[in-house]
Amino acid sequence: MTLALNIDTRAWRANIKSVQDSFPGLVPVAKGNGYGFSLEALAREAARMNEDCIAVGIAEEVAVVRAAGWSRDVVVLNPWRPFDAAATALLEEPGVITTVSRLEDLDALVRQYPRARVLVELRTSMNRHGLTLEEVAAVDTGTLGFEGWAIHLPPTGALAEAQTLASTGVAHQRGAVWVSHLDATHYAKLRTHLGGSTRMRIGTKLWMGDASTYSATGTVLDLHRVSRGTRFGYHNGKVTRDGWLAVVSGGTAHGIALAAPKKLKSLRDRVNATAEWALDEVGRQVSPFRIGKKKASFAEPPHMHASMLFLPGADPGVQVGDEVPVTCRMTTTTFDELRWN
Ligand SMILES: *Cc1c(COP(=O)(O)O)cnc(C)c1O
């Protein structure tokens with residue numbers, strides 16, 4: 001009864017290898033739902049790639065990659081805050097590198113955890129976290145293990161911005177420069193420009209860079225012939241045409257959701273799009289499940305583990321047990337099963 005991710009492991013690894021070859025100093029990023037592949041699988045893959053360091057998003061994820069067998073360095077990308085107990089508990093672990101993004105936090109670590117290993121984050125045009133260039137002069141890492149400067153660039157990539165920030169940081173205190181989201185050419189230019197050690201954090205391009213190497217499928221669990229007027233579903237709506245109701249694995253627990261309608265005309269439409277709404281006719285919403293050549297329509301909003309689809313006409317085109325392709329957003333989908341083919 002599963003929503004499955006089918007991976008052509010050899011082809012998937014070929015993409016990983018090509019990214020690894022293009023980015024010397026690569027730091028694989030394994031965070032969140034593991035980009036659909038699971039954190040555990042990505043930790044094992046990073047070990048297989050023989051990398052020296054992996055990046056996770058938050059402190060809680062360190063234990064997950066450790067349990068999967070990762071024994072080398074782990075960088076926590078989200079910056080440390082004094083109220084983050086999980087992150088604080090890692091400050092004395094020799095294999096963990098903590099990101100610091102405010103002067104007051106840096107001062108606190110210098111005083112309270114003088115042996116912590118840290119990256120100091122600089123603010124980019126993303127304006128998320130990090131010290132401004134004006135604050136760099138005040139950076140004093142004391143006895144902390146200074147691992148370098150972290151620069152999280154917007155996904156469009158910005159070489160000039162990276163060069164300015166990196167040069168300012170390195171001029172104040174020598175260290176590696178850790179970046180994200182530069183393409184291979186710009187990364188090579190940055191390396192030449194800086195001359196020092198550089199690290200490149202990559203998740204999306206590394207794990208999801210070749211979408212032809214993995215695909216998601218749901219399984220048809222049930223199929224019912226219905227005629228116009230037949231009642232069905234949680235909302236006890238009526239089928240408006242003769243056809244079939246298909247129950248397919250994959251629901252809200254997996255991250256299968258109703259897509260917002262393309263055009264929200266009235267206030268009522270907007271409310272309907274966000275709340276759980278009763279459908280007044282069958283097949284108003286296109287589902288991510290492909291049956292035959294087309295995406296099938298939802299009969300009603302997805303259930304916890306399955307979705308009800310409406311298939312018009314005499315021939316449903318599928319049988320119970322068939323697997324059907326599903327279009328999933330990898331970073332928001334939890335699969336029941338990973339099939340490493
Ligand atoms: C998530 C993240 C990355 C990786 O981003 P991708 O787009 O998945 O490659 C790099 N750096 C930081 C700070 C991040 O949070």
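The residues of the chain are indexed from 1 along the displayed sequence. The figures that follow rest on heavy atoms only: side chains count, while hydrogens, waters and symmetry mates do not. These numbers come from a predicted model, not from an experiment.
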Below 4.5 Å, heavy atoms only, C-beta onward: do [X] and [Y] meet side chain to side chain?
| X | Y | answer |
| --- | --- | --- |
| Glu61 | Val74 | no |
| Val324 | Arg290 | no |
| Val56 | Val76 | yes |
| Leu133 | Leu165 | yes |
| Leu119 | Trp149 | no |
| Pro82 | Thr88 | no |
| Ile16 | Arg48 | no |
| Arg44 | Glu40 | yes |

Got a donor-acceptor contact below 3.5 angstrom from the [X] side chain to the [Y] backbone?
| X | Y | value |
| --- | --- | --- |
| Ser287 | Ser297 | no |
| Glu300 | Tyr234 | yes |
| Trp207 | Val29 | yes |
| Arg228 | Asp242 | no |
| Asn15 | Lys205 | yes |
| Asp52 | Arg72 | no |
| Ser38 | Gly34 | no |
| Glu135 | Thr132 | yes |

Tell me the closest heavy-atom pair linking [X] and [Y], and the distance in Å.
| X | Y | answer |
| --- | --- | --- |
| Arg201 | Ser180 | NH2-OG, 3.4 Å |
| Ala43 | Ile54 | CA-CD1, 3.8 Å |
| Thr98 | Trp80 | CG2-CB, 3.5 Å |
| Ile256 | Gly250 | CG1-C, 3.8 Å |
| Trp178 | Glu147 | NE1-O, 3.2 Å |
| Gly32 | Leu39 | O-CG, 3.5 Å |

Please step through side chain to side chain donor-acceptor pair (under 3.5 Å) for the pair Thr124 and His152, ending with a clear verdict. CA-CA 7 Å; Thr124 67; His152 189 40; over 6 Å; no

Would you say [Y] ends up clustered with [X] if hydrophobic residues are merged whenever their side chains have heavy atoms under 4.5 Å apart, either directly or through other cluster members?
| X | Y | answer |
| --- | --- | --- |
| Val320 | Ile291 | yes |
| Val75 | Phe23 | yes |
| Val62 | Leu77 | no |
| Met208 | Trp340 | yes |
| Val65 | Met49 | no |

Report the C-alpha distance between Leu245 and Val247 in whole Å, list the side-chain angles of each, state the deciding distance to 0.1 Å, and finish with yes or no for side-chain contact (heavy atoms from CB on, under 4.5 Å). CA-CA 7 Å; Leu245 288 171; Val247 183; 5.9 Å; no

Report the C-alpha distance between Thr333 and Leu3 in whole Å, list the side-chain angles of each, state the deciding distance to 0.1 Å, and finish with yes or no for side-chain contact (heavy atoms from CB on, under 4.5 Å). CA-CA 10 Å; Thr333 308; Leu3 184 71; 3.8 Å; yes

Of Val248, Val318, Leu223, which is the lone residue that meets side chain to side chain contact (heavy atoms under 4.5 Å, CB included) with Leu309? Val248

Value rounded to 0.5 Å, distance of [atom1] in [X] from [atom2] in [Y]:
| X | Y | atom1 | atom2 | value |
| --- | --- | --- | --- | --- |
| Leu26 | Ile202 | CG | CD1 | 5.0 Å |
| His224 | Leu311 | NE2 | CG | 11.5 Å |
| Leu338 | Phe335 | CG | CZ | 7.5 Å |
| Arg115 | Glu92 | CZ | CD | 9.0 Å |
| Leu5 | Asp336 | CG | CG | 11.0 Å |
| Glu51 | Asp73 | CD | CG | 12.0 Å |

Could you walk me through whether Leu206 and Glu45 pass the side-chain contact (heavy atoms from CB on, under 4.5 Å) check? CA-CA 11 Å; Leu206 185 64; Glu45 199 58 29; over 6 Å; no

Derivation and outcome, ring-ring contact (aromatic ring centres under 6.0 Å, His included), residues Phe232 and Phe310: CA-CA 11 Å; Phe232 75 97; Phe310 179 72; 7.9 Å; no

Please test Asn78 against Arg128 for side chain to side chain donor-acceptor pair (under 3.5 Å), starting from the C-alpha separation and ending with a verdict. CA-CA 10 Å; Asn78 270 34; Arg128 190 164 76 174; 5.1 Å; no

Indicate whether the side chain of Thr213 and that of Arg13 have a donor and an acceptor atom separated by less than 3.5 Å. no

For the residue pair Ser249 / His254, report whether a side-chain donor-acceptor contact shorter than 3.5 Å exists. no

Does atom CD of Gln319 have more than 12 heavy-atom neighbours from other groups under 6.0 Å away? no

CZ (Arg231) with more than 12 external heavy atoms under 6.0 Å: yes

Derivation and outcome, side-chain contact (heavy atoms from CB on, under 4.5 Å), residues Val110 and Asp140: CA-CA 8 Å; Val110 167; Asp140 177 1; 5.8 Å; no

Intermediate values then yes/no, salt bridge (Lys or Arg N to Asp or Glu O under 4.0 Å), Lys17 and Asp21: CA-CA 6 Å; Lys17 176 81 167 63; Asp21 291 346; 2.9 Å; yes

Dump the intermediate steps for side chain to side chain donor-acceptor pair (under 3.5 Å) on Ser101 and Arg81, then the final yes or no. CA-CA 9 Å; Ser101 71; Arg81 290 290 181 269; 3.1 Å; yes

